[in-house]
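Just below is one structure, and these are the notes that go with it.
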Amino acid sequence: MKVLAILYKGGDAAKQEPRLLGAVENELGIRSWLESQGHEYLVSDDKEGPNSFLHKNIVDADIVITTPFHPGYLTKELLDKAKNLKLCVTAGVGSDHVDLNAAVEKGLEVLEVTGSNVVSVAEHVVMSILLLVRNFVPAHEMIERGDWQVSDIARNAFDLEGKVVGTIGAGRIGYRVLQRLQPFNCKEFLYYDYNGLKPDAEKAINARRVEDLKEFVSQCDVVTINAPLHEGTRGLINADLLKHFKKDAWLVNTARGAICNAEDVAAAVKSGQLNGYAGDVWNVQPAPKEHPWRYMKNPLQGGNGMVPHYSGTTLDAQQRYASGTKQILENFFNNKPQEPANIIIAKKGYVTKAYGQR
Ligand code: NAI
């Protein structure tokens, strides 16, 4: 079979660090295994436009592997050209780079390595919440500049203790975020999710479900987004909803950039409606140099905790999603059943309940 992989370019780092398995250079560590079984394996980071490696090679590929960190966008138009395609594998978690409705129409299977990086992301969310609330980034920048003016930082630094923290999406990551925040003595933990938690799970993290989104955001000091990107979440955080946020709230989004309207969020940070925004996901990746999230600041010159998309690609996570990808391929080649939690779309349609209510 012809297997394509779209991964990010690792450069010198990937040559020096073989555990960067998710980079083009290290090819998820599966080349010799695939070739020993007679499969053809083509790997590149070149994914945009009709002359790209992805667009040219997808026409006769059987399997496409792509990573959310450098997503090969599998649009309906591109899937129409992929006459032999049977399986799309996400090396990681989050398969929104595939037009999932088109994949259903075509009877494709879409699988991801569920759970592979949920702890990695949950830890990043906790870090991002703390760095916003405690005004860390401008404090560090001040030190690098050679300055020292405690009051300029302290005037916008708070404790997380006593604050209300809420997650949009209380699945694997959202749940783990609230679990990890238990010792901080927050005032309350809230969640908004059409899939409610079981009572014992809710109790274990002291979480209260709020069913109306506007009501939910109006109660939170910190909102963290942990839901997949789909028709029901695209553009969910926009100027209209931001009006219902508490003034000075902090927003952390490590789910997908397009869940937020980029301009509306940047304007809310700039005006001080949001005290800060942090995350690692962008509506286009790689993010263009002029993207407003790179440079936005609140009126006190802080409130920006943006980084490139890396929270779920720690070296620990890469080992897990590389081996999970191999397991998915092995099952596929041998006609063995897939791990149910990994199936986003089976030939018969949606299996997951996380990509919208159907
Ligand atoms: P999950 O499937 O365990 O949980 C997602 C939860 O979101 C589900 O409970 C679902 O019901 C809920 N949800 C879906 N639509 C919603 C809506 N409109 N409103 C409220 N809740 C909604 O997924 P998991 O593992 O927690 O991952 C969540 C997302 O995080 C992924 O889909 C991916 O986009 C993102 N992610 C980001 C990574 C990164 O490196 N930044 C790495 C891994 C995941």
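As the structure is a prediction and not an experimental result, all values here were calculated from the model. The analysis underlying the following values was restricted to heavy atoms, covering all of them including side chains, and did not include hydrogens, waters or symmetry mates. Both counts, for ligands and for their atoms, begin at 1 and track the order of listing.
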Using 30° and 60° as the class limits, which term best fits the ring planes of Y355 and H230: parallel, tilted or perpendicular? tilted

Heavy-atom donor-acceptor pair, N304 side chain to W293 backbone, under 3.5 Å: yes

Given the side-chain rings of Y41 and W33, with only the six-membered ring counted for Trp, is the space between their centroids under 6.0 Å? no

Kindly say whether the aromatic ring centers of F333 and H39 come within a distance under 6.0 Å. yes

Under a plain distance cut-off of 3.5 Å, with no hydrogens placed, do S311 and D280 share a side-chain donor-acceptor pair? yes

I'd like to check the ring-ring contact (aromatic ring centres under 6.0 Å, His included) partners of Y310; sequence neighbours left out, ordered by chain and number. H124

For ligand 1, what N or O to protein N or O distances fall under 3.5 Å?
residue  : atom   : partner : partner atom : Å
ligand 1 : 3 (O)  : R172    : N            : 2.9
ligand 1 : 3 (O)  : R172    : NH1          : 2.8
ligand 1 : 9 (O)  : D193    : OD2          : 2.7
ligand 1 : 11 (O) : D193    : OD1          : 2.7
ligand 1 : 11 (O) : N195    : ND2          : 2.8
ligand 1 : 15 (N) : H230    : NE2          : 2.8
ligand 1 : 26 (O) : R172    : N            : 3.3
ligand 1 : 26 (O) : I173    : N            : 2.8
ligand 1 : 34 (O) : A255    : O            : 3.3
ligand 1 : 40 (O) : H309    : NE2          : 3.1
ligand 1 : 40 (O) : S311    : OG           : 3.2
ligand 1 : 40 (O) : G312    : N            : 2.9
ligand 1 : 41 (N) : T254    : O            : 2.9
ligand 1 : 41 (N) : D280    : OD1          : 3.2
ligand 1 : 41 (N) : D280    : OD2          : 3.2
ligand 1 : 41 (N) : H309    : NE2          : 3.2
ligand 1 : 41 (N) : S311    : OG           : 3.1

